[in-house]
Enquirer: 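One structure is given below, represented as structure tokens, and several questions about it will come after.
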Amino acid sequence: MQDYTSNEIEEKWQRYWAKEQLYNVDTSVADSNKYYNLVMFPYPSGDRLHIGHWYNYGGTDIHGRFKRLQGHTVLQPMGFDSFGLPAENYAIKTGTPPAESTMNNIDHMRKQLKSIGAMWDWTHEVVTSSPEYYKWTQWVFSKLYENELCYKKKAPVNWCPSCQTVLANEQVQDGKCERCDSEVTKKDLAQWFFKITDYADQLLDHSELDWPQKTVLMQKNWIGKSKGCNVDWKVDGSDLTLSTFTTTVDTVYGVTFVVISPEHPELMNLVTDEHKDSVAEYVNEAKKKSDIDRTAEGKEKTGVNTGAFVVHPLTGKKVPLWVADYVLMNYGTGVVMGVPAHDQRDMDFANQYGFEIVQSIADTNGETFVYDDVDKYNVKGKIIDSDDFTGMDILEGRLAITKKLEEMNAGEGTIQYKLRDWLVSRQRYWGAPIPVVYDPEGKAHLVPEEYLPWELPTDVDYNPEGVSPLATSKELFERTEKIFGAGWTPEVDTMDTFVCSSWYYLRYPSATEESAPFNIEKTNNWSPVDMYIGGPEHACMHLLYARFINMALHDLGYVKYKEPFKRLVHQGLITKDGAKMSKSKGNVVSPDEFVERFGSDVFRMYLMFMGPYTEGGDWSDRGITGIVRFRDKVWKLLNEDSEGNAESEVKLHQTIKKVTTDMENFHFNTAIAALMEYVNFVSQNGISKDDKLKLIVMLAPLAPHFAEESWQEVLGQEGSVFNAEWPEFDAAKTVESNVQIVIQVNGKLRGSINVARDSEQAQVVDMASNEGNVVKYLEDAEILKTIYVPNKLVNFVVKA
RNA sequence: GCCGAGGUGGCGGAAUUGGUAGACGCGCGAGACUUAAAAUCUCGUUCACCUUGUGAGUGCGGGUUCGAUUCCCGCCCUCGGCACCA
């Protein structure tokens, strides 16, 4: 027997798999056995793959190989999410065009990815920054535009007055510009939005999805649906009416003030002359503050009087109107009614500025309470001091007040969401150009499909002053005039990279080396994604955007399935000394030396053995020798002649059962433990050649190269082990003929006996009461009760 | 503050329709083999004690039960997410 030499053997089989095109899938064929196994694609950085990549892709590959062995046709593609800021920053620093540095990084990363020895189908690779790909990102934009799911409006961006440039959120550190450290301000720019809010309710429905509960909850929370009521307030001595949104209109008789947001468009039209200066100053201050500053101040509330009053629609009383920056313009109506008696935030504000506190509801004990401490949709209690509504149950009163307001035409029941429309414009270079041009009047027009891809120009200043980089491209402006006519100008913003990644899973099936067409038939052959694996950090951005785009394309008749990702699994995070690995902390562990020393199989298996896949863990190489020993033990077992026995058959069927369910549930750690137990057992008891083959198949997803070598070279099988079948277990053969019965006295373990399975109760209890150590506890005691659990335990309840 | 997940030996972690806590692995100890070492193999390894056994023990304090890591009540801590959302 030769020693197992991992490097040489792994390289050999990687070449073999590539030569046999074992993992390539013909997506033009609809296959009822198809299994689309997808992992979130990486951003191509120039760094080496780190342990996190290996963990992520290792788990994905194990699952894909397991599904293949179970008889599925598995499509497991890989690609690159290659637009984005790092390449652009690199260009600003070095002048290297992003297209060039990105392609270098991709070549580098592709090589490393291949060394994992995973079953990627490289014939379906996608690169989001290639014109063949972004042509279709632009097509998606066009379809949304044509169907009124895309619009343009002014929205604030982070603006560095010193660099004269727009900053991404990540480029703002503590309200200051990352590069020059000057104070970042807000600037309004006209920008493109996708109407994701049209899909808020559909996105809230996760009933068809096999997703982690926590992800579903996070999305629900993010969308933030609230049922409530709008209440209209006439501004005293003016034609203006302000509307407030509330989820608890039952407290409307407790309103003692109303607060308006500094960004509210009507604000300056209703301020009294006397207060104009102080309000203008306050609004200016608020504009300067970033969102972070505004919230970072914590509990301390600020506000100023507008001098105006609004009229309570039900009591006719005048209520003071103040302006305060805790009221957000982008949620609700931008105006809030203040009920200090029953809302903590309103109470804080009232205490600070001396507003009256008027109680209007009480709990079942007649005590006052604040809504922060109770579930407002399930509250119990009565309405008090509220005209005709006094004495009603709170929930009943809430409906009655809403109805009354609706009858008076002074309000209506409504629903609010926290979810906002998706801003897709980026004032950056390295992204997909927005396929829009403007006529001489400034009206927007889509670039017709025949001109797609609407190519990203290369003659640009990567770091211009005051405008988007594309605005500096002569070629782009000339191209636009040439095609559309004199005076026409191009859109100079590019798309958020989340747009590129929101549909890439639809592209893989039709992506091939030579083809540009987006073949929707191939896509529909392989939709939806059966398994999607990636980090939990994408719960509210990428995963929500992708669902939205897929739903929209479904409604427009392109995509067959409404939901893109049937099942979702998040891999856990691998940390080092408890901290997330990052270059800046200098605690990044490279997999290379371990792969070099022990091989890709051992390294992968060790990562999976660390703990449950979805939990990750702290990296330490302390136990890796255990996996090496296990591999060598199996190697030795396979290379020796032996025969099995009846007991090893039971053990085999138990192991198949355990490993199969563990694999399905991503419990790779316990699957490996079960295989170790089995190997330990058969090393003592012997194993037949048939059982060796089954063992190899079970090991194959976890150690693909090792399994292939064993299958073909040691056991002399024809063809790849990945064309073999996953072993079946026979439930009848998983049970042992003898069982151990635990004997307890008053619930304390006092002994155990070995009996035949399904023995008579009376016989087992008799044997138990005569067991050596048990006897002394029963001697001078009265047996009150005997508990018998078949094939498990006997418990004597005694009185001493 | 709110929502979610978790807390088990020296270490990574097993085991929950309530039924032997600590599977599997690392580490450690003892032994075999060896001139020796490494490798390998065998045995042991929760803690304490008066060691054929007894007691305690799954973050802390209570409860239900013949029996609780598992169920209930009240706390503490760690991690992830959201956060003036009206």
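When reading the values below, keep in mind they use all heavy atoms of this one structure, side chains included, and skip hydrogens, waters and symmetry mates. Each chain gets a letter, A, B and so on, in the order its sequence line appears, and its residues count up from 1.
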Enquirer: With both distances kept under 3.5 Å, what pairs with B:rC82, Watson-Crick or G-U wobble?
Expert: B:rG1
Enquirer: Side chains of A:D577 and A:N587: donor-acceptor distance under 3.5 Å anywhere?
Expert: no
Enquirer: Using the benzene-type ring in the case of Trp, are the ring centres of A:F796 and A:Y777 under 6.0 Å apart?
Expert: no
Enquirer: Distance check, C1' atoms only: B:rC77 and B:rC85, in whole angstrom units.
Expert: 30 Å
Enquirer: Please state whether the phosphate of B:rG55, meaning OP1 or OP2, lies under 4.0 angstrom from any side-chain nitrogen or oxygen of A:R750.
Expert: yes
Enquirer: Watson-Crick or G-U wobble partner for B:rG57, using a 3.5 Å limit on both distances?
Expert: none
Enquirer: Out of the candidates A:F193, A:F498, A:Y545, only one should pair with A:W422 under the ring-ring contact (aromatic ring centres under 6.0 Å, His included) rule; please name it.
Expert: A:Y545
Enquirer: Could you give the distance separating B:rA68 and B:rG62 at their P atoms, to the nearest angstrom?
Expert: 15 Å
Enquirer: Can you tell me, in whole Å, how much space there is between the C1' of B:rU64 and that of B:rU70?
Expert: 14 Å
Enquirer: According to side-chain contact (heavy atoms from CB on, under 4.5 Å), who are the partners of A:L399, at least two apart in sequence or on a separate chain?
Expert: none
Enquirer: Which base sits across from B:rU51 as a Watson-Crick or G-U pair, both distances under 3.5 Å?
Expert: none
Enquirer: Taking NZ in A:K636 as the centre, count heavy atoms belonging to other residues, nucleotides or ligands within less than 6.0 Å. Is the count above 12?
Expert: no
Enquirer: Quick check: A:F598 with A:F603 (ring centres under 6.0 Å apart)?
Expert: no
Enquirer: State yes or no: are the ring centers of A:F257 and A:W322 separated by less than 6.0 Å?
Expert: no
Enquirer: Please evaluate the base of B:rC84 for a donor-acceptor partner in the side chain of A:K301 within a cut-off of under 3.5 Å?
Expert: yes
Enquirer: For nucleotides 28-30 of chain B, print each protein N/O atom paired with a nucleotide N/O atom at under 3.5 Å, atom names and distance only.
Expert:
none

Enquirer: Write down the distance between CZ (A:F630) and C1' (B:rC41), rounded to a whole number of angstrom.
Expert: 18 Å
Enquirer: With respect to the phosphate group of B:rA86, does any side-chain polar atom (N or O) of A:S226 fall under 4.0 Å of OP1 or OP2?
Expert: yes
Enquirer: Any side-chain N or O of A:K748 below 4.0 angstrom from OP1/OP2 of B:rA56?
Expert: yes
Enquirer: Do A:F369 and A:Y371 have ring centres separated by under 6.0 Å?
Expert: yes
Enquirer: Decide yes or no, distance alone: a donor-acceptor N/O pair under 3.5 angstrom between the base of B:rG19 and the side-chain of A:Q744.
Expert: yes
Enquirer: Decide, for B:rG9, between syn and anti: a glycosidic angle within 90° of 0 counts as syn, anything else as anti.
Expert: syn
Enquirer: Please state the C1' separation for the pair B:rG59 and B:rA5 - nearest whole angstrom.
Expert: 16 Å
Enquirer: Side chains of A:T414 and A:E412: donor-acceptor distance under 3.5 Å anywhere?
Expert: no
Enquirer: Test A:W619 against every option in A:F594, A:Y55, A:W54 by the ring-ring contact (aromatic ring centres under 6.0 Å, His included) rule and name the one that passes.
Expert: A:F594
Enquirer: Tell me the interatomic distance from A:M605, atom CE, to B:rC24, atom P, rounded to whole angstroms.
Expert: 18 Å
Enquirer: Taking B:rU8 as the reference, what is the distance to B:rA15 when you measure between their C1' atoms (whole Å, please)?
Expert: 10 Å
Enquirer: Establish, with yes or no, whether the OP1 or OP2 oxygen of B:rC26 is under 4.0 angstrom from a side-chain nitrogen or oxygen of A:R629.
Expert: yes
Enquirer: Just how far, in rounded Å, is C1' of B:rU40 from CZ of A:R631?
Expert: 15 Å
Enquirer: What protein N or O atoms touch nucleotides 42-51 of chain B N or O atoms at under 3.5 angstrom, if any, and at what distances?
Expert:
from   : atom 1 : to     : atom 2 : distance (Å)
B:rU42 : OP1    : A:Q684 : NE2    : 3.0

